Chemist: 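First the structure, which I've put down as structure tokens, then a few questions once you've had a look.
Numbered from 1 within each chain, the chains take letters A, B, ... in sequence-line order. Only a predicted model underlies this, so the values are computations on that prediction, with no experimental measurement involved.
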Amino acid sequence: MADEARSGHTVRIESLDFEGPLDLLVYLVQKNEVDIWDIPIALITEQFLGYLQGMTAERLESAGEFLLMAATLLRIKSQMLLPRPQLEDDEEIEDPRRELVLKILEYQQFREIAEELRDRESAGRLVFPRGLQEWDDELERESGPGMPEPEDRVSLGDLLRSFTRLIDEARRDRVHHLEPLAVTIEEKVNFVRERLRRDGQTSFRDLFVAGEPRSHWIVTFVALLEMVREGEVRLRQGETFGEIHVYAAGEGDGVA
Amino acid sequence: MNDSAATPKQILEALLFAAEEPLSSRRLAGMLEEVTPSVIADLVRELNADYLRETRAFQVQEVAGGYRLVTRAEFASWVGELRASGASPRLSQAALETLSIVAYKQPVTRAELESIRGVAVEGVLKTLVDRELVRIAGREEGMGRPLLYGTTDHFLEYFGLPSLDSLPRPDELEILFADRERQEELQLEDELAAPAFGEHVAADEE
Amino acid sequence: MNDSAATPKQILEALLFAAEEPLSSRRLAGMLEEVTPSVIADLVRELNADYLRETRAFQVQEVAGGYRLVTRAEFASWVGELRASGASPRLSQAALETLSIVAYKQPVTRAELESIRGVAVEGVLKTLVDRELVRIAGREEGMGRPLLYGTTDHFLEYFGLPSLDSLPRPDELEILFADRERQEELQLEDELAAPAFGEHVAADEE
């Protein structure tokens, strides 16, 4: 296939730049002066693949889109070669090329509109609205206001970009900024209470959830100290350096 | 300086002169009092006739649902020098193609834009939203509720269009579609006669 | 439109019309070529005589920095009305950042805003409330019952959003506004996940 394509008409095409696979197809249809409603699919496919082979490394980021189109062309080509099934009288069979042709035509139409917009853009660059000036009050009193202050609007893009940047920053220094604030002492007090309500007691170690950032452990620890101070919980250690157990006040005995 | 009272035409001129964006005839009529929006259109025509006769360097342009004063194109080289620093770069081919689809299909999703252009458009969309030529127009109902995009007033201003209706009509498309129907009929006849979709057969016809 | 070549007087008028600051006669002479600064003064006098004769609503004014076009004083009340209905100073970067957090996290307390931005936001919040971009949306339950902030209808209008729901979600934001590098990564993922071209063609048939 590769050699076949190379022997085709790749020479001049490969140096051109195309917006995408449809742009290339439009070019090939025009260059070959074929009837859009009766595209010689084998020829076009061959030239299309030829272009892909000539694609330079810089263009490779859009190679995926060209490859998808190439796959479509090959599929259509194979469908075209299939023997046609016997048709009942009023049965219609769709030309495998039809969807592709409609896509090319639709794209071509928008390209024409884009041309029109380009002309209008050029014309628009030749005319200028009034320049926006800053006016100081003193001058205005003499002459009456000339122009309003420039309404320097912020765009939606500015707003969204601003938020995106905040997210990015937060992501970068997640450990320093966001995490310590993500949990409060109160939440951790509730967490300990909940655990004690459920299990009656808990081991000290189990209160420090694995995978939590270290800063959360500190908050848990402070919460626990607070609860001990308030007499809400008691701590008991069986042996020195042994496991510490946490009880709701009134449960168990011995106070740390 | 001028003993007689200000005329509506003069007030209109002062407002257009001082405005920083196109003013709609409704807004102008509201400020002028005793004047209907249709009178505004007449006054604008009078102003433009004055400017032409007096060879003024500017004129009233109808754009984005309103009116604004702009310099005439023949002074572009001089004024361009003055305003060179503020000029925004021209739009790329990709941006213009995407924009023309947004203009006709709005509100439109990114997926539809990509299906029509056959390439990813997110980079281009970002540029267009950044330049306030495209805005977010809502969300589509249904799966994933993707964002919908549409054009802005600045789009109309940028391309000097009075309204979306003044975009070039896709007459060609209608011709093409009419053509297609005819072609389909022909094709059907062909198909009934031909044994297979051989493209070599098609090529031979040429 | 105008067969004769542009005259110096017309060019001068175009420049004054489009200038964003007063233009000195030296600068004007430089742009007009073949014209000395003293000729500029003559041309300005001619322009003002034209405007008076033609009862235009504006005139050339000589100020410290040079010349500029202004509306005549007798139209001040109309122009003032126009001015009152637009124009407020640009939002600061701090205001913009705070506003973006309010938009995404609402209803949100001042403490939350401060913890995200890492600085006090009291002044900025006041500005945003004054400009009717942010409103008090209630009070949070629990300790101290702090005020909750949210965005207003004017916020939507200001940014051209049809509804709050059309603010891009974080995943959509990444596509629209992520850093260039991350965007490329995303694009690649997209491509790998994208359906074959033939598939969405088939889907379009419906």
Chemist: Using the ring of each side chain (for Trp, its six-membered ring), is B:Phe17 parallel, tilted or perpendicular to C:Phe17, with breaks at 30° and 60°?
Modeler: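 B:Phe17 and C:Phe17: perpendicular rings.
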
Chemist: Examine whether an atom of B:Leu69 lies under 4.5 Å from a heavy atom of chain C, and if so say whether it belongs to the side chain, the backbone or both; otherwise answer neither.
Modeler: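 Both the backbone and the side chain of B:Leu69 come within 4.5 Å of chain C.
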
Chemist: Got more than 12 heavy atoms from elsewhere within 6.0 Å of CG, C:Asp42?
Modeler: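 Result for CG/C:Asp42: enclosed.
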
Chemist: Is it the backbone or the side chain of C:Arg27 that comes under 4.5 Å from a heavy atom of chain B, or both, or neither?
Modeler: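 It is the side chain, since no backbone atom gets that close.
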
Chemist: Report the option among B:Thr152, B:Leu148, B:Leu82 that has the most heavy-atom pairs separated by less than 4.5 Å from atoms of chain C.
Modeler: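 Top count of heavy-atom pairs under 4.5 Å with chain C: B:Leu82.
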
Chemist: Enter the distance from B:Phe75:CZ to C:Ile11:CD1 here, rounded to the nearest 0.5 Å.
Modeler: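 Going from the CZ atom of B:Phe75 to the CD1 atom of C:Ile11 covers 7.0 Å.
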
Chemist: Applying side-chain hydrogen bond (donor to acceptor under 3.5 Å, both in side chains), which residue pairs with at least one partner in residues 61-71 of chain B are found, sequence neighbours left out?
Modeler: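 Residue pairs passing side-chain hydrogen bond (donor to acceptor under 3.5 Å, both in side chains), neighbours aside: B:Gln61-B:Arg68.
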
Chemist: Check whether any side-chain heavy atom of C:Arg56 lies under 4.5 Å from a side-chain heavy atom of B:Asp50, and answer yes or no.
Modeler: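 Contact flag for C:Arg56/B:Asp50 side chains = yes.
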
Chemist: At their closest point, which heavy atom of B:Gly138 faces which heavy atom of C:Ser166, and how far apart are they?
Modeler: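 Smallest interatomic distance, heavy atoms only, reads CA-OG, 3.7 Å.
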
Chemist: When heavy-atom pairs shorter than 4.5 Å are enumerated against chain B, which of C:Leu32, C:Asp165, C:Leu161 gives the highest number?
Modeler: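 Result: the option with the highest number of such pairs is C:Asp165.
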
Chemist: Using a cut-off of 6.0 Å, state whether more than 12 heavy atoms not belonging to C:Glu54 lie near its atom CD.
Modeler: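 Correct, the count exceeds 12.
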
Chemist: Between B:Leu12 and chain C, with a heavy-atom cut-off of 4.5 Å, which part of the residue counts as in contact: side chain, backbone, both or neither?
Modeler: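 Neither part.
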
Chemist: For a quick test of reading the model, state the closest non-hydrogen atom pair linking B:Ile136 to C:Pro162 and the distance between them.
Modeler: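 So the two residues come closest at O-CD, 3.3 Å.
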
Chemist: Under a 4.0 Å threshold between the charged nitrogen and the carboxylate oxygen, would C:Glu20 count as salt-bridged to B:Arg83?
Modeler: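 Yes, this pair counts.
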
Chemist: Which value, rounded to the nearest 0.5 Å, describes the distance between B:Met31 atom CE and C:Ser77 atom OG?
Modeler: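 Going from the CE atom of B:Met31 to the OG atom of C:Ser77 covers 11.5 Å.
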
Chemist: Of all residues at least two apart in sequence or in a different chain, which pass the side chain to side chain contact (heavy atoms under 4.5 Å, CB included) check with B:Glu46?
Modeler: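 Result, side chain to side chain contact (heavy atoms under 4.5 Å, CB included) vs B:Glu46: B:Lys9, B:Leu43.
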
Chemist: Can you confirm whether B:Arg139 sits close enough to C:Arg169 that some side-chain heavy atom of one is under 4.5 Å from a side-chain heavy atom of the other?
Modeler: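 With C-beta onward as the side chain, the pair touches.
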
Chemist: Compare all side-chain heavy atoms of B:Gln10 with those of C:Glu74 and state whether any distance is below 4.5 angstrom.
Modeler: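 The answer is no; the side chains never approach within 4.5 Å.
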
Chemist: Considering residues, nucleotides and ligands other than B:Arg145, do more than 12 of their heavy atoms fall under 6.0 Å from its CZ?
Modeler: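 It does: B:Arg145 CZ has more than 12 such atoms within range.
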
